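None of the values given here were measured: they were computed from a predicted structure. Proteins come first, then strands; the chains are lettered A, B, ... in the order of their sequence lines, and each starts at number 1.
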Amino acid sequence: MTLDEIKQLIEFIKGHDLNEFELEQDGVKIRIKSSSNHQVVAVPHLPAALPIVAAAPVAAPQTPAQVAAAAAEARAVADQAAEDGGELCIVKSPIVGTFYRSAEPGAEPFVSVGDTVKKGQVLCIIEAMKLMNEIDSEYDGEVTSIYIENGQAVQYGERLFAIKPSN
Amino acid sequence: MTLDEIKQLIEFIKGHDLNEFELEQDGVKIRIKSSSNHQVVAVPHLPAALPIVAAAPVAAPQTPAQVAAAAAEARAVADQAAEDGGELCIVKSPIVGTFYRSAEPGAEPFVSVGDTVKKGQVLCIIEAMKLMNEIDSEYDGEVTSIYIENGQAVQYGERLFAIKPSN
Amino acid sequence: MFKKILVANRGEIALRVIFACRELGIKTVAVYSEADENSLHVRFADEDICIGPARSSDSYLNVPAIISAAEITGADALHPGYGFLSESAYLAEVCEACHIRFIGPDPNVIRLLGDKAKARRAMKKAGVPMLPGSDGPVESEERATKIAQQIGYPVIIKAVAGGGGRGMRIVKQPADLPHAFKTAQREAESAFGVGDVYIEKYLESPRHIEFQILGDHHGNVVHLGERECSIQRRHQKLLEESPSVAVSDKVRRKMGALVVDAARAVQYTNAGTFEFLMDEKGNFYFMEVNTRVQVEHPVTEMVTGIDIVKEQIRVAAGARLGFKQSEVTFTGHAMECRINAEDPETFVPSPGMIHAFSVPGGPGVRVDTAAHSECLISPYYDSMVAKVIVHGRDRQESIARMRRVLEMSVVEGIRTTIPLHLKILNDPDFIAGRLSTHFMERFAAKPKTQPLAETA
Amino acid sequence: MFKKILVANRGEIALRVIFACRELGIKTVAVYSEADENSLHVRFADEDICIGPARSSDSYLNVPAIISAAEITGADALHPGYGFLSESAYLAEVCEACHIRFIGPDPNVIRLLGDKAKARRAMKKAGVPMLPGSDGPVESEERATKIAQQIGYPVIIKAVAGGGGRGMRIVKQPADLPHAFKTAQREAESAFGVGDVYIEKYLESPRHIEFQILGDHHGNVVHLGERECSIQRRHQKLLEESPSVAVSDKVRRKMGALVVDAARAVQYTNAGTFEFLMDEKGNFYFMEVNTRVQVEHPVTEMVTGIDIVKEQIRVAAGARLGFKQSEVTFTGHAMECRINAEDPETFVPSPGMIHAFSVPGGPGVRVDTAAHSECLISPYYDSMVAKVIVHGRDRQESIARMRRVLEMSVVEGIRTTIPLHLKILNDPDFIAGRLSTHFMERFAAKPKTQPLAETA
């Protein structure tokens, strides 16, 4: 089954508000569970790319159902990444504002990919209403990715850093 | 099983408001659970009354989907009865009008349940625009049921007689 | 007042009639073909009768079935809507014979105005301006030349039996007439078996302007102003508006009075529409009278505040019109877009299941439709899915409003003409009110000024 | 004119503002909580910013988040809608400080009129009729008796800190005053920690009548007539209409002029509403001024043809009002029903997924909603699902129209107040226009005159 088929299947199933769906055929096994408010709880092996796509402002209109489905997937995956056996921890923005990687223009960034960080260490600054808010790491570990460009605006809950916790 | 087959299956299951469905055959295993809160319940072998009910003005509103579902069942049953291994043939009204079982008030009915009829034999009269239209049997066989009361109005396609064809 | 009205139609207009009946406290009977079993007009009528299979000729055009339906349900009146049997003098007569009130003009009036030639004569007699031409066929090339000279070039040669462009020739100068005349005759001969052709003045870029009238059975007739319907494709109206930018208050009063007199002259009752072509100089030329409620009646309702369908029912029941001409006032500007299930570029019909259907509301927005989420647009009938009507303080506000409504409409599962309407609404000529019945040709020819936002 | 407006709200009013902006050619920014990620205001805004979790205090009431959203998107104005921060003088001030135009009155005006006591004084000074009473707390039983005699029985004793019925006593005759006074004080003490009570004249069955005004920054103020909102439950309006059967043209002119003067006296700008109680004799008593657009503004838009939200934006941008008082005309009658996701009998909220949503259109029908098929009514915010507004030539037509719309509306998956509205619309007192703020109590008490047709 291709990713596309799986996605189609999910949308179709959501469109028909099914609670559970299970299919097993020649090696492939898929199981989809959906609660009445259309939150896909677990979608196996969706690429990280999907959430961003799905979360981006809806350009070409889709049916509300589709939007819901897509968004639900996005959230599901994000959460999963955050929980996935503690494999990766996602640092999300607690406020709306502008993202800065360094204390002032031209200065050294607080952290870069590959750096090891300690709990409480400053990762970045988010400017909101002329106030500089330092964002600290909640984990000890290694910075594996930085999702936002320096100077870019961030929304509440937007992903900032991925950190691989040490041990 | 192709994606399309799966979709069709889901459509059909939803159309009949089943809550659970499980199938296992030559290697393929499929299980579907529905959260549907639709009121229409699919009873195997629906009573002859249902089609008329379904066709009658919808008193308590239902979702279009429900109406569709109900109607679909109605049709399904009618067709089934008509095809069911040729077991029963349904004579439907070709026109809109008033159904009369006899040539004039008080006269002997053309046919009654249990009668054997020949192809082309008059079964009833339907009055439309002051014209008496004789409805002939399309089959040789035995009249097993008469769905309409004498003097009752009938719509196009409404079931009039069930005939069990001889051999 | 009537007790029970049978609605001899389907789709949005059947619903529209049911709205009016409910507001008047009248029971309704829906008739439907097997294809429409689950449609809203069936669902919301008090009673419903299946009258035949999907094919219109066996159901919605089936007079005996419809009359029987009225008889077995005891309906005392019948509303034909538009299309189907709405202009059938025969149905109107059968209704009369069966003591069912037909909600429309008298059968004789329908028959008279339904006959092109007879209608022209009657209207000419009543003082309605006509397109100059040879009344009736022209035998010889000589006659043709003479007539063409009289009415002045350009002229158009048409087949008497004709229609659909065949046997039609536009002639710009005398030199071209002989040849054009012969070919027209030949084409007519081969296309319709009759070679007869007639000659009419040809209008370079006319506007389609029509006047709405209402008449009761007490001799009262009023007009509700004009609608401009110049935006059409193959004689199918796509977008209608009222008032027209090309009609001044003075002209409205003059033409209004003229059509009211013409209606009186033929004892016209109930709702009707006088269709005209208007040339660049503002001259009106009679086309035809439609003896029914029209698809675009809502734009007139929006600017006048008059419920035309309710008035149809009231006057058919013998009531007097609820208002005098002097009480008819026109407020702001209204516009209607017909949303069809068609490819917005190729116009290929696109029937099918609508999965999501949502048209935004807000101020000055009216939606007349029988569609909803999860409804099936069947291939058996016309492709109109919805009428979106807006009302604004002026034409500019109407256009802005219509744009935002169409941009925010969601119709998923089928293709619709919404992107086409958005192109029209963004066209400089349209915005400037430079309209003619050729607008869509010119328009379709034009390069896209902007990509078709796939708003629906 | 503004380039980009941030809409600091959600649901139908956020959409309503987006409608106005699109018609004015202004870009929009939606802000939303995580719970509203998929709602229509997010979908149809040009940009959208998530400002916090579902809880309002962390999102729609979160001033820093909203201001940051405006800053990072470069919005040059902010429309607060109704509810949430719409009457927050603080937000208005922060906007000013950040050079974002707040679409509403000046912060000082919001603060003045937001303070019950200050507002009363200012309005009294401006000549607005007040409910007679003890301005401020009454210490002794003796004072209480004196005041009660002055203003005449019946009187009501209310807790200064109060609200919600506690510490409230209605006194019909002098003999009952002493006891009532003591209990009121005791209840106030225990309920609010402050025993202070004040005395006001008690109106047996008042109507809720409010006047809509609009003011620009050039000293122009007009009124758009009144709305009657007597149909309420626990001070929640359920159904509003304009004009009120109890207000004559003469009274409308008189009260209209009075509120316009009062608004001028406090340099009121933008949209506002003066709320009054009206007694059986037609006396008006000031309640409060709402310094924002109101839920029920559409009924005024329907009868005046004025787009109130567009005018709010225009005047906030410094434009003059688009019309003079003399150009404001009132046509027909309009009515609004608030469709809430509540049990129609117990009023228990009924959030959840709407599986089918369809409200019929047709003449004189407007629907303001952010709902659609397959949308989730979240439990975090108010329960209003849609506002159904109708416009008729008179109140009778409005009622008939509203009835047919609600009867033909389909809302599946949640319970709504549609059946309750149908009961109200069929109530003899309502039809006769015998209304008061006690209507719903009497009404709820009444035996059902007809079964609740489960129309939705």
Using the ring centroid of each side chain, check whether C/Tyr381 and C/Tyr60 are separated by less than 6.0 Å.
yes
Salt bridge (charged side-chain N to carboxylate O under 4.0 Å, His left out): which pairs involve residues 75-93 of chain C, sequence neighbours left out?
C/Glu87-C/Arg292, C/Glu93-C/Arg111
Determine the option with the most heavy-atom pairs under 4.5 angstrom with chain B, choosing from C/Cys98, C/Ala30, C/Cys50.
C/Cys50
Sort out for me which of C/Ser68, C/Ser33, C/Ala70 touches chain B most, counting heavy-atom pairs under 4.5 Å.
C/Ser68
Any chance the side chains of C/Arg16 and C/His297 put a donor and an acceptor closer than 3.5 Å?
yes
Any salt bridge between C/Arg415 and C/Asp343, counting N to O under 4.0 Å?
yes
The interface call for C/Val94 against chain B, heavy-atom contacts under 4.5 Å, is side chain
